[in-house]
Amino acid sequence: MLEQPLHEIESLVREAILAAQDAGDLPSFDLPTLVVDRPQREEHGDYATSAALQLAGTARMVPLRVAQAIASRIPKTDFLAQVEVAEPGFVNFTLDDGWLTRQVDEILAAGESYGNVPLGQGQKVQVEYGSANPTGPLHVGSGRNTVIGDGLANVLEAAGYEVQREYYVNDAGTQVRLFAETLYARYAQALGRDEPIPEDGYRGAYLVELGDEVARQEGERFLEMPRREAVNALYEIGLEKMLASIEDDLTMLGITYDRWFSERSLYDSGVFDHVLAMLREKDHVAERAGAVWFVSSELGDDKDNVLIRSDGEPGYLASDIAYHYDKFIRRGFDRVINVWGADHQGHVPRMKAAMRAIGVDPDSLVLIVYQLVALRRGGELVRLSKRTGDIITLREVLEEIGPDAVRFFLLGRAADSQMELDLDLAKEQSSENPVYYVQYAHARTASILRYAQGTDFSDGDVSLLGHPAELALIRQMLRLPEVVEKAATSLSPHYLPYYAQDLAGAFHPFYKQCRVVSSVPEDMPLNKARLKLVAAAKIVLARVLALMGVSGPESM
RNA sequence: GCCCCUAUAGCUCAGCCAGGAUAGAGCAGUGGUUUCCUAAACCAUGUGUCGCAGGUUCGAAUCCUGCUAGGGGUACCA
């Protein structure tokens, strides 16, 4: 498989600078990080470096002369047609047309693996995402979480990491207990009892339905047992049903996990006690006012935090430390990436401190904090809360807009950006979603290949390609590995939808301008070459769609 | 109060990490395109105090400081 031109050029530039230094054309200095990237304007070539501008100061030379010193030492290669110096000191690189067309064969040979890059070297990475409390249906915010997490996991896999996808099930602690208490009340109400829901209970209608359902299925038997026992039993039933519903929603979104990790299991397996003892032993713990505190202020946090509350219940920080101990120490992940909503950002310094406390490099724990999704309905801002029951469920949006559009929309923004989703507007405009533009390009490739069934184009000669629209398409196809690498390095899956649009945006004009399956017999050689190009384009479109978790339809 | 994120075209957003060449895309708007592979397409066209004010630099949307506005956090909830 081909080395990426970008990296090739980086080495060529580096070697050119070193050679120029040896020859005395450039003074000697240590090389900074050299940046080669894609210029904004087409006439500046495929790649460009501003290295000369960067170095002009240290070299005490005019930038243009530095650029010339570099450009003149870039050797002739098969993939570069042109190396140019441009004002005020850029070196621009243009890919060779013949080399470009040959990449079509390379992509066909690579097949589904096209786009993979050898970055991770098999490092073990866990991506934990979703992880909404199993106390209610998933809302749109969880949708953003899972779409980012899953997209990231896909990209990291393509970049050569060994990725494990995990959902942390908060099946212990205050919130699920409150959930079970509420379910008990709704269940009793369904059977005609006057049972108020707890003060801070979950008010959503879904629990009324769940109470009804349990009453229908289980009858009155829970009313006959001691209340505490009944609540425990309902806890198990409710948890199972909520998890099933969450899993259903995620399946609809096309998301499956390698593992659902139970918080409760940390207590059952003894990991929790072990970690707490360890923290005590290492003197990271203090008792104050009847509670047990994690002295995180000594480990870089701005304050201490409660581990065990004065009522004897562990707080969620405590189990989270045990959970991460399990991830790093027991399961041996090299890196753990957690996707968190902005409402958890205060938890970041605590967990970093916790990593120091358990002897893990804090940098190997990466927290992707995404800004919360603000929802609007008919111009009204909707506040989301499972407890008040005011939620817009992920399922509702999935059913209205469809999983592909939801994925594309939620993935297409940087995690940092605060997005506002107007449901009414989204429903209205979902037919304008650019996802269909990309999918349509894929459907068109499929359509052409169907139409040409019976034509064996395996002997197609790609050197016949050369139409500007063909070359533009190949250029976009070649960006996939760069995009994967960039997204994996910066943990930013939002690059994918932008790239997908660029790729489709090169395919559609090609389709319009270049007739692939022509009825004129003399066109056969070109037909075959173009069929190769279409088959390769289909591979690339399918791959980028798959990385986003969006389907690639054969027809639309 | 303190901490984190954000402010770029009418709307929704890229670009900021690693400063560079006339700041980009989609949607919306306007005009046009169909003798063979799907018009969910193509072609053409307008749009900017890059929140404000300073600073650093040969060069700032990008880095630094202050300010303004919005979102989030600052619990013995998660």
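For clarity, every value in this text was computed on a predicted model and none was experimentally measured. Letters A, B, ... mirror the listed sequences (proteins, then strands); counts begin at 1. Scope of the values below: all heavy atoms of this structure, side chains included, with no hydrogens, waters or symmetry mates.
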I'd like the C1' distance from B/rA23 over to B/rC13, given in whole Å.
14 Å
With a non-hydrogen cut-off below 4.0 angstrom, is A/D304 in contact with a base, only sugar-phosphate, or nothing?
nothing
Among B/rG71, B/rA78, B/rC42, which nucleotide has an atom closest to any side-chain atom of A/Q371?
B/rG71
Give the nucleotide from the list B/rA41, B/rA78, B/rU6 with an atom nearest to the side chain of A/D416.
B/rU6
What is the distance, to the nearest angstrom, from the CG atom on A/D343 to the C1' atom on B/rC5?
13 Å
Just by distance, no angles: are the side chains of A/D171 and A/S262 close enough, under 3.5 Å, to form a donor-acceptor pair?
yes
Out of B/rC42, B/rC13, B/rA21, which has the shortest distance to the side chain of A/Y498?
B/rC13
How would you label the contact of A/S555 with the nucleic acid (heavy atoms, under 4.0 Å): base, sugar-phosphate, or nothing?
base
Integer-rounded Å distance: B/rA25 C1' and A/D502 CG:
8 Å
Polar side-chain contact A/Q345-B/rG72 base: donor and acceptor under 3.5 Å
yes
With a 3.5 angstrom cut-off on both distances, give the Watson-Crick or G-U wobble partner of B/rU34, or none if there isn't one.
none
Can you check the A/L367 CG to B/rC5 P distance for me, whole Å?
13 Å
A/N527 and A/S518 side chains, donor-acceptor separation under 3.5 Å:
no
From the options B/rA21, B/rC27, B/rC43, select the nucleotide whose nearest atom is closest to the side chain of A/P509.
B/rC43
Suppose you measure atom P in B/rC36 against the same atom in B/rG31; what distance do you get, rounded to whole Å?
26 Å
Identity of whatever pairs with B/rC2 - Watson-Crick or G-U, under 3.5 angstrom:
B/rG73
Base paired to B/rC67 (Watson-Crick or G-U; both N/O distances under 3.5 angstrom)
B/rG51
Picking from B/rC5, B/rG72, B/rA28, which would you name as closest to the side chain of A/Q418?
B/rC5
A/N433 (side chain) and B/rA40 (base): donor-acceptor pair under 3.5 Å
no
May I ask you to say what A/A56 touches in the nucleic acid, namely base, sugar-phosphate or nothing, with a heavy-atom cut-off under 4.0 Å?
nothing
Considering heavy-atom distances to RNA chain B, does A/S519 or A/R288 have its closest nucleotide positioned more toward the 5' end?
A/S519
C1'-based separation of B/rA25 from B/rA69 [nearest Å]
26 Å
Is the Lys NZ or Arg CZ of A/R515 less than 6.0 Å from the centre of A/Y511's six-membered ring, within 45° of the axis?
no
Going by atom types alone, do A/E128 and A/H324 pair a side-chain donor with an acceptor below 3.5 Å?
no
Any base atoms under 4.0 Å from A/Q513, or only sugar-phosphate, or nothing? Heavy atoms, all strands.
nothing
Looking only at side-chain N and O atoms, does A/H442 offer a donor or acceptor that is under 3.5 Å from a partner on A/Q439?
no
Which value, in whole Å, describes the distance between the C1' atoms of nucleotides B/rU68 and B/rC52?
7 Å
Comparing A/Y436 and A/L449 on RNA chain B - which has the more 5′ nearest nucleotide
A/L449
Among B/rC37, B/rG26, B/rA41, which is the nearest nucleotide to the side chain of A/Q501?
B/rG26
What nucleotide, of B/rA78, B/rU22, B/rC37, holds the atom closest to the side chain of A/Y316?
B/rA78
For a quick check of understanding: with a heavy-atom distance under 4.0 Å over all strands, which category does A/P39 fall into, base, sugar-phosphate or nothing?
base
Partner nucleotide of B/rA14 by Watson-Crick or wobble geometry (both distances under 3.5 Å)
none
If I pick the P atom on B/rC50 and the same atom on B/rC3, what distance separates them, to the nearest angstrom?
28 Å
Rounded distance in Å between the P positions of B/rU35 and B/rU22
42 Å
Between A/Q175 and A/Y316: side-chain donor-acceptor atoms closer than 3.5 Å:
no
Within the pair A/S417 and B/rA14, is there a side-chain N or O less than 4.0 Å away from OP1 or OP2?
yes
Using whole Å, report how far CD of A/Q175 lies from C1' of B/rA78.
6 Å
Give a yes/no answer on whether the side chain of A/R309 brings an N or O atom under 4.0 Å of OP1 or OP2 in B/rA75.
no
Look at the side chain of A/R41 against the base of B/rU22 and say whether a donor-acceptor pair falls under 3.5 Å; ignore hydrogens and angles.
yes
Can you tell me the pairing partner of B/rU56 across any strand shown, Watson-Crick or G-U wobble, with both distances under 3.5 angstrom?
none
For atom P, what is the distance between B/rG54 and B/rA14, given to the nearest Å?
28 Å
Give the rounded distance in Å between these two atoms: CD of A/E313 and P of B/rA75.
21 Å
When you compare the ring of A/H44 with the six-membered ring of B/rA21's base, are the centres less than 5.5 Å apart and the planes under 30° from each other?
yes
Atom-to-atom span, NE2 of A/H344 to C1' of B/rG73 - whole angstrom:
11 Å
Among side-chain atoms of A/T182 and A/R177, is any donor-acceptor pair under 3.5 angstrom?
no
Anything under 3.5 Å between a protein N or O and an N or O of nucleotides 15-18 of chain B, put it in a table, one pair a line.
unit_1: B/rG15; atom_1: OP1; unit_2: A/H494; atom_2: NE2; d: 2.9

Tell which nucleotide pairs with B/rA28, taking only Watson-Crick or G-U wobble pairs whose two distances are both under 3.5 angstrom.
none
Distance-only polar pair, side chains of A/N133 and A/T135, donor-acceptor under 3.5 Å:
no
Between C1' on B/rA78 and CZ on A/R350, what's the gap in Å once rounded to a whole number?
10 Å
The nucleotide from B/rA40, B/rC37, B/rU74 with an atom nearest the side chain of A/R515 is B/rC37
Whether the side chain of A/K532 engages the backbone of A/G460 through a donor-acceptor N/O pair (distance < 3.5 Å, no angle test) should be reported.
yes
What distance, rounded to whole Å, do you find between the two C1' atoms, one in B/rC42 and one in B/rU56?
48 Å
Of the listed B/rC37, B/rA28, B/rG20, the closest approach to the A/I448 side chain comes from B/rC37
Looking at A/T174, does any N or O in its side chain come under 4.0 Å of the phosphate oxygens OP1/OP2 on B/rA78?
yes
State whether A/R444 places a side-chain N or O below 4.0 Å from either non-bridging phosphate oxygen (OP1 or OP2) of B/rA39.
yes
Examine the side chains of A/Q4 and A/E485 and answer whether a donor and an acceptor come within less than 3.5 Å of each other.
yes
A/Q476-A/R479 side chain donor-acceptor pair, cut-off 3.5 Å
yes
Under 3.5 Å, is there a donor-acceptor pair between the A/E482 and A/Y47 side chains?
yes
Report the nucleotide, chosen from B/rC37, B/rU12, B/rG20, that has the shortest atom-to-atom distance to any side-chain atom of A/Y511.
B/rC37
Whole angstroms only, please: what is the CD-P distance between A/E43 and B/rU22?
11 Å
Just checking A/A452: base, sugar-phosphate only, or nothing, at a heavy-atom cut-off of under 4.0 Å?
nothing
